[in-house]
2 protein chains.
Amino acid sequence: MNKREKSNTLAAIEELRGLIFSGELPADSNHLESELATRLGMSRTPVREATLVLAGEGLLEVRPRKGVRICAISAREMSEIYEVLTALECLAARTAALAGHPQSKLASLEGCILKMEQATKIDDRVAWSKADEDFHNALISLGGNAHLQRIVLNFNDRVRRARNLTLHRRPLPTKSNEDHRALYDAILRGDGDTAEAVHRAHRTHTRELLTAILEKHGLKRV
Amino acid sequence: MNKREKSNTLAAIEELRGLIFSGELPADSNHLESELATRLGMSRTPVREATLVLAGEGLLEVRPRKGVRICAISAREMSEIYEVLTALECLAARTAALAGHPQSKLASLEGCILKMEQATKIDDRVAWSKADEDFHNALISLGGNAHLQRIVLNFNDRVRRARNLTLHRRPLPTKSNEDHRALYDAILRGDGDTAEAVHRAHRTHTRELLTAILEKHGLKRV
DNA sequence: AAATTTGTTAACGTATACATTAAATGAATG
DNA sequence: CATTCATTTAATGTATACGTTAACAAATTT
């Protein structure tokens with residue numbers, strides 16, 4: 001068993017990211033480097049390095065002498081980020097379709113669709129959400145643009161908490177499932193225009209839905 | 001005179017970025033933390049922090065025990081990055097047009113166009129390049145999506161060296177100037193579809209032009 | 001000679017000490 | 001009372017020491 005130890009810096013990055021996603025470090029909360037260091041059981045140095053990295057990812061801000069602040073998302077920002085995600089995923093959808101992938105290469109997509117449909121039947125929203133994210137990531141992979149992929153992954157991280165919050169307040173995602181299948185069909189047919197159009201409609205709808213939920217529930221900063 | 005001192009970490013980030021842009025730290029070159037620290041006249045700590053930040057920006061890679069490597073751009077990557085830039089700037093162009101900005105708000109755009117036209121007349125490519133970048137940044141600003149803006153700025157940084165290399169090997173950018181003016185007109189008219197279409201054609205053309213130049217001159221890693 | 005092992009070196013990762021400086025507190029002044 | 005200024009405090013920014021470990025070289029074995 002090649003049990004390879006990670007450096008504390010990498011561990012701190014992962015741990016802090018996890019604490020942010022889970023809400024244990026809540027949006028807009030502030031934390032001193034020394035607190036975090038104690039919490040993670042290491043010295044300030046690797047924690048400091050981790051906060052720099054996470055600041056670059058937009059998950060927190062380093063505010064000297066006020067502590068590290070966990071970035072909150074407003075409905076406005078959610079909308080902005082979804083706009084970017086829409087533009088990039090639609091590009092990936094078109095590229096994926098035009099690449100002429102054989103059905104075998106699209107197995108991951110179809111697998112996710114099946115999982116989403118299963119999850120919807122029993123209203124398991126957490127499982128649906130997981131499969132949905134996997135689907136979107138698989139789509140981006142098929143697009144084949146590594147730089148695009150990186151941004152999309154990062155932007156998904158930024159809205160992760162907000163999306164989780166809306167997950168149980170949104171209608172059953174049956175419409176989403178239909179959209180995904182339509183996209184899959186378009187990619188399989190090699191129809192780039194349709195793939196892009198279908199996905200744009202899907203993402204735009206989701207954006208409007210989720211921002212409306214945030215606003216309706218008064219979730220100013222999530 | 002509020003001469004506010006910057007931290008060494010911030011200074012190191014800026015200095016290293018400058019050294020990378022200028023080519024003093026060439027693409028694919030490797031540098032130990034201690035070397036860089038000596039070079040910048042500070043200890044390893046702030047240099048290390050700076051390299052983490054710049055790694056997040058994709059300007060370099062931290063490779064333990066092999067030194068920090070300056071990221072090189074291949075024609076393929078150039079193309080990928082321009083694809084992303086195209087998607088995002090086209091979105092910004094559409095949004096800017098639909099926002100119905102009065103002519104006064106578009107003064108910065110027009111100023112850049114004039115500068116580009118002037119520079120083209122006397123074949124001052126450096127001045128043209130500067131005005132071109134200003135134009136694109138102004139466009140992104142008008143789009144009003146701060147998250148989108150951040151990515152575009154970063155991606156421009158990543159291709160900066162490559163773009164500078166092609167600057168003197170490309171044809172006179174008279175076509176670009178026409179494109180910019182057509183985009184300006186569309187935004188002024190509030191014509192989102194045209195703004196997006198014009199800019200997509202412009203960016204796509206530029207992408208093909210620049211990647212072709214890189215390949216033609218055998219510039220594998222820039 | 002090729003491959004494996006061992007030893008050496010030097011770069012990194014981390015803790016820590018300390019200098020620096022922004023913020024907070026309280027005193028002094030108008 | 002509000003304001004300014006000095007003082008204190010505590011968190012950060014930086015240098016540095018040192019243990020750890022990957023890379024390289026030398027030595028040994030097959």
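Just so we're on the same page: letters track the sequence lines, and every chain starts at 1. Only heavy atoms go into these numbers, but all of them, side chains included; no hydrogens, no water, no symmetry mates.
Here the C1' atom of nucleotide dT12(D) and the CG atom of Asn30(A) are 15 Å apart, to the nearest Å. Going from atom CZ of Arg48(B) over to atom P of dA15(D) covers 14 Å, rounded to whole Å. Rounded to whole Å, atom C1' of dT14(C) lies 14 Å from atom CG of Leu40(A). Per the geometry, NE2 belonging to His31(B) stands 17 Å off C1' belonging to dC12(C), to the nearest Å. Distance Glu49(A) CD to dT14(D) P: 13 Å, rounded to the nearest Å. If you take CG of Leu36(B) and P of dT14(D), they are 16 Å apart, rounded to a whole angstrom. We find that CZ of Arg69(A) is positioned 17 Å from C1' of dA11(D), with the value rounded to whole Å. Here dT14(C) presents its P atom at 8 Å from CG of Leu10(A), a figure rounded to the nearest Å.
Taking 4.0 angstrom as the limit, Thr45(A) places none of its side-chain polar atoms (N or O) nearer than this to OP1 or OP2 of dG13(C). Residue Ser7(A) has no polar side-chain atom (N or O) positioned under 4.0 Å from OP1 or OP2 of dC12(C).
Taking for each of Lys66(A) and Asn8(A) the nucleotide of DNA chain C with the nearest heavy atom, the 5'-most of the two is the partner of Asn8(A).
Side-chain proximity of Arg65(A) to dC12(C), dA23(C), dA15(C): nearest is dA23(C). Here dA15(C) is the nucleotide among dA15(C), dA11(C), dG13(C) with the atom lying nearest to any side-chain atom of Ser43(A). Side-chain atoms of Glu33(A) lie closest to dT12(D) of the nucleotides dT14(D), dT12(D), dG13(C). Distances from the side chain of Leu32(A) to the nucleotides dA11(D), dA15(C), dG13(D) place dA11(D) closest. Side-chain proximity of Arg44(A) to the nucleotides dA15(D), dG13(D), dT14(C) is greatest for dG13(D).
Note: His202(A) and His205(A) fail the aromatic proximity criterion, with ring centroids not under 6.0 Å apart.
The base of dT12(D) is not paired with the side chain of Ser34(A) by any donor and acceptor separated by under 3.5 Å.
Of the possible donor and acceptor atoms, none in the side chain of Asn30(A) sits under 3.5 Å from a partner among the backbone N and O of Gly67(A). Remark: the backbone N or O of Ala195(B) is not paired with any side-chain donor or acceptor of His199(B) at under 3.5 angstrom.
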Side chain to side chain donor-acceptor pair (under 3.5 Å) assessment of Asn154(B) paired with Arg150(B): CA-CA 6 Å; Asn154(B) 173 244; Arg150(B) 238 180 94 95; over 6 Å; no
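For Ser79(A) and Arg207(A), the side-chain atoms include at least one donor-acceptor pair closer than 3.5 Å.
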